[in-house]
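Below: the structure, in structure tokens.
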Amino acid sequence: MYDAKKIESKWQKIWEKAKLYKTKDKVAGKKNFYHLVMFPYPSGDLHIGHWYNFAPADVYARLKRMQGFNVLSPIGFDAFGLPAENAAIKNKIHPKIWTYKNIDKMRHQLKSMGNVYDFSREVITADSEYYKWTQWMFLKMYEAGLAYRKKALANWCPKDQAILANEQVIDGKCWRHPDTLVIQKEIEQWMFKITDYAEDLIDGLEKLNWPERTKLMQKNWIGKSVGAIVQFKIPNTKYQIPVFTTRPDTLFGATYLVLSPEHPLVETVIAKEQKEKVRHYITNAHLKSELERTVLEKEKTGIFTGAFAVNPVNGEKIPIWISDYVLINYGTGAIMAVPAHDERDFEFAKKFNLSIIKVINPGCDWPEDKPYTEGGLMVNSGEFTGLNSVDGRKKIIEWLKIKRLGDFSIQYKMRDWIISRQRYWGAPIPIVYCKKCGIIPVSESKLPIKLPPLKNFKPVAGGKSPLASAKSFINAKCPKCKGRAARETDTMDTFVDSSWYFLRYADLKNKKQFASKDKLKAWLPVDMYVGGAEHAVLHLLYSRFFVKALKSMGHLEFTEPFTALRHQGIILGSDGQKMSKSRGNIVDPDELVKKYGADTIRMYLCFMGEYSQGGPWNSKGILGIKRFLDRIYAKFFSLQEMSYPLRRSSSAASRDTILKSEEKLQRLLHQTIKKVGDDIENLRFNTAISALMILFNSIEKENFSKDEAKIFLKLLSPFAPHLTEELWQRIGNNPDAIKGRGYDQERRRKSIHIETWPEYNAKFIEEEEYELVIQINGKMRDKIKISKKLERPEVEKLILEREIVKKYLDGKFPQKIIFIPNRLINLVV
RNA sequence: GGGCGAGUGGCGAAAUCGGUACACGCACAACACUUAAAAUGUUGCAGUCGAAAGACUAUGAGGGUUCGAGUCCCUCCUCGCCCACCA
């Protein structure tokens with residue numbers, strides 16, 4: 001048993017003093033490699049999920065270092081956000097104090113992991129020197145027309161009388177009042193025009209080395225649909241209703257229109273006699289939550305406006321309905337209903353007894369009670385009858401275009417990004433409202449607009465930010481006319497802060513720019529990004545948008561922030577449930593470190609299973625790793641005690657056997673070097689560790705040569721940086737280092753963590769012989785060691801002569817012989 | 001409802017290209033050491049039958065392709081994640 005705690009804290013101190021992990025922007029002869037993990041929110045505790053993200057990722061970073069890269073592996077804190085404010089309201093402590101206290105604690109916890117982090121580059125998004133640049137980026141977005149103010153629907157909690165962030169809406173309900181359904185309320189908000197980049201965001205995915213499912217999620221989220229806008233005129237008025245459809249080929253089957261309750265033309269079109277009923281319906285629809293309108297409500301509702309529109313292709317008058325299954329946010333907020341070929345329209349038409357006209361021939365028997373939604377040959381479609389759906393779409397759109405009644409159109413599900421938050425603990429939006437001059441951006445030289453000290457952090461009535469009670473914000477000066485004006489009191493969504501933090505790591509201290517061109521060039525884009533899959537359509541999408549926007553404004557020279565991305569899995573409680581305080585199934589890494597040491601925890605997390613899979617926590621398994629490290633320590637300790645080096649010897653054994661076992665060991669060693677390197681590279685940490693175990697198990701019995709001992713420690717060092725450092729100094733007979741003495745430069749020079757990754761020799765891995773599996777009718781019956789040089793006829797002859805084979809063949813000759821060199825032979829009888 | 005994954009010993013899991021299923025570890029059992037326990041070490045450990053050699057059965061269920069399937073195809077079941085009236 002080795003004293004992990006003692007060894008680990010000793011080396012952590014020495015490394016820090018020697019600035020072992022300080023990263024220079026340029027090192028002669030080394031290529032830069034930017035390795036990044038998603039920075040944590042400073043909740044106050046580094047939980048096991050953070051460990052699972054950071055520890056194996058650090059193993060990867062260490063491999064890269066040893067492979068000769070100049071690796072930047074920074075860490076920081078996503079420090080703005082709601083929990084700080086809630087803690088402030090609850091415990092009467094300023095959000096800033098709460099946050100920075102947590103950061104101090106977490107920094108300490110992070111250091112206990114023994115990662116290669118360069119803490120001199122620590123980003124804290126709540127620092128005014130950081131959010132100054134967040135504000136600067138807002139101004140740039142504003143200048144470029146990418147930030148705009150608009151009335152938008154937001155989540156409104158009727159009980160709190162406040163706007164909620166999306167994250168505060170749990171299953172459609174207010175997080176603090178689980179019985180209160182959140183409703184949509186329209187208020188003025190700042191938005192980022194992420195939709196301008198919809199196409200770029202889809203295109204860029206292709207060349208990214210990301211998990212396919214993440215790319216797919218982003219693609220689905222952006223939700224591109226290709227179709228047409230079709231204009232439906234309202235007779236005897238100047239109005240027409242545009243609808244978006246992906247199936248213009250079914251236009252002849254459009255038997256009614258449906259408007260969203262929020263559609264701007266609703267009031268205009270309602271017939272007098274329907275007015276009351278329709279208004280009643282709309283009011284009801286507005287009272288419903290988003291959840292009710294989308295998920296919960298299975299049965300469709302709707303109401304006839306009393307008005308009609310004209311189908312442009314056949315001049316038919318069709319009724320205009322209103323229903324809340326049509327969303328105002330998508331397409332044009334109105335649809336043409338083709339009940340014969342759309343499930344929702346079909347359901348609606350059945351319920352309200354609207355006519356159903358088939359215009360696509362399924363080409364097979366199709367039940368009457370089901371709409372046919374696929375393509376086929378067009379029927380009942382005037383001059384277009386007989387075309388297939390694909391051609392029909394084009395032809396109809398062309399026809400509409402000539403008549404000026406429609407055009408091609410592409411729609412996206414993705415909506416613009418609402419960044420306004422009616423909250424205190426975030427970066428203030430650098431905008432001033434002047435009665436005379438209107439909306440005026442703060443000038444760059446005045447940045448940062450700092451958060452004013454406040455005492456009360458509760459949202460101001462009516463859903464306004466707490467900043468609305470700050471005098472300096474209410475009584476400000478207009479930058480243009482110098483007259484009285486008011487500052488924007490909303491702060492920015494914290495996802496804005498985290499959309500560019502990876503740029504700042506490259507040049508943290510820069511006061512003139514968010515980062516200099518040189519340093520950006522030195523490090524970006526990020527070569528490997530490791531973090532949770534839950535950010536697939538949040539942070540990972542927003543960051544891509546930011547980089548694309550900054551690039552088109554001329555501030556960056558690359559188009560994608562993260563060249564390669566990998567996700568770790570989620571660790572569940574030992575009960576298989578999500579870890580939570582209320583379930584009491586939380587695993588505390590601090591306690592584990594105390595009990596077993598960081599090296600053991602790092603390694604166990606790597607060993608648990610496939611990295612991207614996660615799974616339930618099993619505390620018993622740690623013992624296996626703990627034992628492994630104990631055995632290693634014991635072995636190396638004895639090596640040091642017994643005048644080193646000590647070579648395996650066996651007086652009784654013949655020279656031949658010794659040579660054979662030498663060769664075997666040599667092969668295993670080189671196989672392991674290759675396997676551990678390859679496995680870490682592919683984030684297959686579990687099998688890398690099992691390879692190390694196999695090597696140690698067989699080498700342990702035979703004893704180490706000095707070279708083998710060194711190689712073994714190097715291979716282990718990414719996983720167990722503290723233990724390997726200790727043993728490295730021991731086998732290097734460096735007592736000063738063991739005792740923590742010596743100059744910093746000396747310590748740095750002698751550390752195992754500046755060593756290079758061992759190289760394997762392919763010649764040693766290759767074997768002249770292999771084990772040939774002998775199958776009879778596909779079943780394994782025998783094995784035989786043979787030379788790789790043997791050709792097929794020789795092998796066949798050899799096999800057929802074997803007694804056991806003869807027994808199975810029972811005098812018959814195989815009808816077929818399948819021979820796979822280096823693997824198996826299958827005799828088919 | 002749609003999309004994407006996954007299902008292998010008592011447990012965490014290997015098997016990366018269609019070629020020996022269960023590597024490595026945990027748990028368990030026996031033995032050694034010990035007055036004893038823990039720790040450590042050694043051995044065993046998918047199931048059935050068998051004294052053993054070995055045979056048969058096994059990768060969620062059922063079918064198919066193949067000399068050969070955990071891996072490929074079809075149907076179904078279960079679980080997880082994401083999206084969800086997107087026209």
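Below, chain A is the first sequence line, B the second, and so on; all start at residue 1. This one's a predicted model, so the numbers in the text were calculated from it and none came from an experiment. The analysis underlying the following values was restricted to heavy atoms, covering all of them including side chains, and did not include hydrogens, waters or symmetry mates.
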Where the side chain of [X] is defined as all heavy atoms beyond and including C-beta, which of [options] is the nearest nucleotide?
X: A:Arg823; options: B:rG19, B:rA87, B:rU20; result: B:rG19
X: A:Asn618; options: B:rG3, B:rC85, B:rG12; result: B:rG12
X: A:Met693; options: B:rG25, B:rG19, B:rU16; result: B:rG25
X: A:Trp221; options: B:rG19, B:rA87, B:rC83; result: B:rC83
X: A:Ile694; options: B:rA23, B:rU20, B:rC67; result: B:rA23
X: A:Tyr330; options: B:rC85, B:rA87, B:rC11; result: B:rA87
X: A:Arg684; options: B:rC67, B:rA87, B:rA15; result: B:rA15

A:Trp321-A:Phe348 aromatic ring centre distance below 6.0 Å | yes
Write down the distance separating the [atom1] atoms in [N] and [M], rounded off to the nearest Å.
N: B:rG9; M: B:rA46; atom1: P; result: 13 Å
N: B:rU34; M: B:rU40; atom1: C1'; result: 12 Å
N: B:rG25; M: B:rA13; atom1: C1'; result: 8 Å
N: B:rA29; M: B:rC82; atom1: C1'; result: 45 Å
N: B:rC45; M: B:rU8; atom1: P; result: 23 Å
N: B:rA87; M: B:rG7; atom1: P; result: 33 Å
N: B:rC67; M: B:rC76; atom1: P; result: 28 Å
N: B:rG70; M: B:rC22; atom1: P; result: 12 Å

Using distance alone, with no hydrogens and no angle criterion, decide if [X] and [Y] have a side-chain donor and acceptor under 3.5 Å apart.
X: A:Arg566; Y: A:Asn682; answer: no
X: A:Thr672; Y: A:Tyr760; answer: no
X: A:Ser225; Y: A:Tyr330; answer: yes

Looking at [X], I'd like to know whether one of its side-chain N or O atoms comes within less than 4.0 Å of OP1 or OP2 on [N].
X: A:Asn697; N: B:rG25; result: yes
X: A:Arg627; N: B:rA39; result: no
X: A:Arg213; N: B:rA6; result: no
X: A:Thr687; N: B:rU16; result: no
X: A:Asn686; N: B:rA14; result: yes
X: A:Lys783; N: B:rU20; result: no

With a 3.5 Å limit on both atom pairs, tell me what [N] is paired to, counting Watson-Crick and G-U wobble, or say none.
N: B:rA55; answer: B:rU48
N: B:rC11; answer: B:rG25
N: B:rC85; answer: none
N: B:rG80; answer: B:rC4

In terms of the angle between their ring planes, are [X] and [Y] parallel, tilted or perpendicular, with boundaries placed at 30° and 60°?
X: A:His539; Y: A:His535; value: perpendicular
X: A:Trp617; Y: A:Tyr604; value: perpendicular
X: A:Phe719; Y: A:Phe685; value: perpendicular

Any donor-acceptor pair under 3.5 Å joining the side chain of A:Lys779 to the base of B:rU20?
-> no
Check if the side chain of A:Lys620 and the base of B:rC11 share a donor-acceptor pair of N or O atoms closer than 3.5 Å.
-> no
Contact class for A:Glu771 (heavy atom, under 4.0 Å): base, sugar-phosphate, or nothing?
-> base
